[in-house]
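Just so it is clear, the values below take in all heavy atoms, side chains as well, and ignore hydrogens, waters and symmetry mates. In the text below, chain A, chain B and the rest are named by the order of the sequence lines, each starting its count at 1.
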Amino acid sequence: MSSFDENDAFEGASLSARAMAALRPEADYLNELNPAQREAVELLDGPILMLAGAGTGKTKALTTRIAHLLNTGRARPNEILAVTFTNKAAREMKERVGRLLGQPAEGMPWLGTFHSICVKLLRRHAELVDLKSNFTILDTDDQLRLLKQLVQAANIDDKRWPARMLAGIIDDWKNRALTPDKVPAADAGAYNAKGVELYAQYQTRLRELNAVDFGDLLLHMVTIFQTHPDVLEQYQRWFRYILVDEYQDTNIAQYLWLRLLAGGHKNICCVGDDDQSIYGWRGAEVGNILRFEKDFPGAHVVRLEQNYRSTPHILAAASNVIRGNESRLGKELWTDKPEGEKVRLIGHWDGEEEARWIGEEIDAMQGGTRGVRPMSLDEIAILVRASHQMRAFEDRFLTIGLPYKVIGGPRFYERMEIRDAMAYFRLVVSPEDDLAFERIVNTPKRGLGDKAQQTIQRTAREHGVSLVQGARIALEQGLIKGKGGAALRELVEGLARWNAMTRGPRIEFEDDSVIDDGTAPVRYGLPEVSHIELAQIVLDESGYTAHWQNDKTPEAPGRLENLKELVNQLDNFENLQGFLEHVSLVMDNEQDSGGPKVSIMTLHAAKGLEFPAVFLPGWEDGLFPSQRSMDESGLKGLEEERRLAYVGITRAEEVCTISFAANRRVFGQWQNAMPSRFIDELPEDHVEVLTPPGLYGGGQMSAGIESRAAQANVYNSPGWKRMQARQGQYGMSQPRESRNTVIDATAVASFTLGERVFHQKFGYGGVVGIEGDKVEVEFDKAGTKKVVARFLSAKDDVPF
DNA sequence: GGCCCCTGACTTTTT
DNA sequence: GTCAGGGGCC
């Protein structure tokens, strides 16, 4: 996100003449649409709901609609408000609109995520909610630290009432657009009856800190719109057309925000799929999309039902499952693609066998011995319900040397080292950022424990100054002495020095002699070092880089890499401020390298993606649908789980393989489970049952599966035959023969017994055995494991 | 102040 | 079974 620029957003209104000329003739892009898409693009005025099933070309319709709005002169680029949920989606839309327009969509300042757009708006109107326009956006860590302080101050036992819980409750209220005064009495009992009180205190603290959390971005804007009709009206007029992506994921605050903005002209186009609403647990309201026609009387509803992604069998399976849901608007996906393979279903004895089998399947697919064509690992994905399921696959793939990547997981900017570095940068830019100071006073260790930190807090409070100032005063008064004191002095002086570097040398003017007493405005020239150099200086001089260099844990090299990457990212920004702004909202870490890999991710993370081959393991009742979801949310929870199943199946283009295991180790305990009830909802005619005979000693499988297995004549099914043939081919006992030639011919590295080695996942260790391309390593932390040689590097090779 | 051990939790996650 | 966070001990 570029820093807010009024001209950009409101005045630099028109596309360049070049771009106007480059707009394609209407018929051109309209002819590329199917009738439903075309309708969704051409109905420009009034409310419209585009119900876009999975794989029906919704982004195409959405971006074409924007192009059409511009092309027909209905709106200038900066008069269109287009909102998405993720930065990825926003980026993609920008790119595609740009392509349609024949120039980068720079001229669309209001295409972005809910949050980034709200930041822009809130910076303009911050004073209306008692903030300054340079407010900071807190990350979840800061938020939690703040709440912990409040909880402690209120003398609440944070054992019984964890701050995390309070954070959840407050988030929930904010998602529902409830300011402390609006929290209904029914909810007031939350968090030991102190919830609302603490919520109010928290908001006060945020205001004092000139800070907001993510929820506030929306909530403050809703408040402003509700209490300042003049401001609202200004934007209602400005945003002539509104487009919303993934409408089924909106929460109440977002819904209100949209309704307020669309209140005048009602030119709002919401795109979504009620069947893909899977974020109810974080405040999304399927109701928003189900209610659309009531909210916007006279709304047009356009259904995009032609699917361009999957084969008929896959679509039929998905449709039949989702049919089990009561509350849905109803759609039927169809395609003119050729039949393809049936959805495959297989049961396993346990989770490990499931992982083993999938590993072999992937091998075979890649080698071309399974399916109609050889597949690249990039075309294959494994989608799980819960992240702990990934482990079995990681272990297995590591052992057999199958390259994989885990998508999702902790994001780049959530990592400890990135947050620490960011806290330093924040302090350098704004020395009064107390939360940032708290984070890094003693990181790296400076010998400043609880006592010293309390002294700083107390001094700051007594003098009514920031913590950095408080620390300075405490030092002057000799309140903090010894090693800690020296280190603190170094830190405080460092911060002042780095801060000065952000401003460059002072420029003195002839007419007014400048005295920098902190009140008179001082003019500064350009900084003498670039912000990139400055960042490096800060990390080095603060001792933070050294902290990780001296760290001997296996993660340390990776963390240093991340820090390097962070500094590299600065290149895309003009200064630290701009970067900080960006990073609090954005920044994902999707770089990956080194050849094709199987993707492993959660079903949630898979939304919006597609793969030729998809594996859906772990379809067991309790795991999927998740027991917890059903316990906590009953039928609503089950329906959301079912939508998750629908999302999973519809990710597949050519082959979809569903599997379940009779036994699985859960929290260290072996448990047996019934196949998922969703399996019973798969349509027989479109499913091929691969379950080998005799695997289930009767009674393990549900009657439905058993009868289905019988009907499908398992023993004669093509899949079963193929499996037999394949097993005959190279035998189950040593199925790994083709490995090296397929994956990596250079794999057989030579290691010697006793040699120190490093492994990305397991860390450091010593070689205790060698068998062909597999090396047995006794890891310092992870125990003894057999791993493929190519995943090991000699200890000196470790990148620093 | 730092390390170690014990306890308890344990679905999904963007901004 | 694993991990994180907190308490207690050195």
query: Whole-Å distance between dT15(B) P and N175(A) CG?
result: 14 Å

- request: Determine the sole option in T136(A), L146(A), D142(A) for which the side chain to side chain contact (heavy atoms under 4.5 Å, CB included) test with L206(A) is passed.
  value: L146(A)

message: Taking the P atom in each of dT12(B) and dG5(C), what is the distance between them to the nearest angstrom?
response: 16 Å

query: Start at the 5' end of DNA chain B and walk down; is the nucleotide closest to A452(A) or to S629(A) reached first?
result: A452(A)

message: Among residues 211-218 of chain A, which ones have heavy-atom contacts with DNA chain B below 4.0 Å?
response: F214(A)

Could you pull out the protein-nucleic contacts involving nucleotides 12-14 of chain B (nitrogen or oxygen on both sides, under 3.5 Å)?
{"from": "dT12(B)", "atom 1": "OP1", "to": "S387(A)", "atom 2": "N", "distance (Å)": "2.6"}
{"from": "dT12(B)", "atom 1": "OP1", "to": "S387(A)", "atom 2": "OG", "distance (Å)": "2.1"}
{"from": "dT12(B)", "atom 1": "O4'", "to": "R385(A)", "atom 2": "NH2", "distance (Å)": "3.3"}
{"from": "dT12(B)", "atom 1": "O2", "to": "W281(A)", "atom 2": "NE1", "distance (Å)": "3.2"}
{"from": "dT12(B)", "atom 1": "O2", "to": "R385(A)", "atom 2": "NH2", "distance (Å)": "2.6"}
{"from": "dT13(B)", "atom 1": "OP1", "to": "T602(A)", "atom 2": "OG1", "distance (Å)": "2.6"}
{"from": "dT13(B)", "atom 1": "O4'", "to": "R282(A)", "atom 2": "NH1", "distance (Å)": "3.4"}
{"from": "dT14(B)", "atom 1": "OP1", "to": "R411(A)", "atom 2": "NH1", "distance (Å)": "2.5"}
{"from": "dT14(B)", "atom 1": "OP2", "to": "R411(A)", "atom 2": "NE", "distance (Å)": "3.0"}
{"from": "dT14(B)", "atom 1": "OP2", "to": "R411(A)", "atom 2": "NH1", "distance (Å)": "2.2"}
{"from": "dT14(B)", "atom 1": "OP2", "to": "R411(A)", "atom 2": "NH2", "distance (Å)": "2.4"}

field: Integer-rounded Å distance: dT11(B) C1' and M390(A) CE
entry: 11 Å

query: dT11(B) P sits how many Å from K607(A) NZ, rounded?
result: 22 Å

message: If the threshold is 4.0 Å, N to carboxylate O, is there a salt bridge linking R282(A) and D249(A)?
response: no

- prompt: How are the rings of Y544(A) and W548(A) set to each other: parallel, tilted or perpendicular (split at 30° and 60°)?
  reply: perpendicular

- prompt: Between D141(A) and R419(A), is the closest basic N to carboxylate O distance under 4.0 Å?
  reply: yes

task: Please work out whether the ring planes of W281(A) and H604(A) are parallel, tilted or perpendicular, with thresholds of 30° and 60°.
output: perpendicular

Under 4.0 Å protein heavy-atom contact, by nucleotide of nucleotides 1-10 of chain C - B base, S sugar-phosphate only: BS---S----

message: I'd like to know if E639(A) and R328(A) make a salt bridge, using a cut-off of under 4.0 Å between side-chain N and carboxylate O.
response: no

task: Heavy atoms only: give me the nearest S629(A)-S626(A) pair and the separation to one decimal.
output: N-OG, 3.0 Å

statement: Contacts of A645(A) meeting side chain to side chain contact (heavy atoms under 4.5 Å, CB included) (sequence neighbours excluded), chain-then-number -> V321(A), W619(A), F624(A), F678(A)

query: Can you tell me how far C1' of dT15(B) sits from CD of E246(A), to the nearest Å?
result: 15 Å

- prompt: What integer distance in Å separates L623(A):CG from dC10(B):C1'?
  reply: 12 Å

query: Can you name the residues that form a side chain to side chain contact (heavy atoms under 4.5 Å, CB included) with E285(A), not counting sequence neighbours?
result: I252(A), N288(A)

- request: Mind checking K451(A) for me? I need base, sugar-phosphate or nothing, with any heavy atom below 4.0 Å counting as a touch.
  value: nothing

message: What contact category does L448(A) fall into here, base, sugar-phosphate, or nothing, at under 4.0 angstrom with non-hydrogen atoms?
response: sugar-phosphate

statement: Those residues at least two apart in sequence (or on a different chain) that pass salt bridge (Lys or Arg N to Asp or Glu O under 4.0 Å) with R458(A) are none

task: Please report the C-alpha distance between Q389(A) and I382(A) in whole Å, then the side-chain angles of each, then the deciding distance to 0.1 Å, and finally whether the side-chain contact (heavy atoms from CB on, under 4.5 Å) criterion is met.
output: CA-CA 10 Å; Q389(A) 289 173 262; I382(A) 300 171; over 6 Å; no

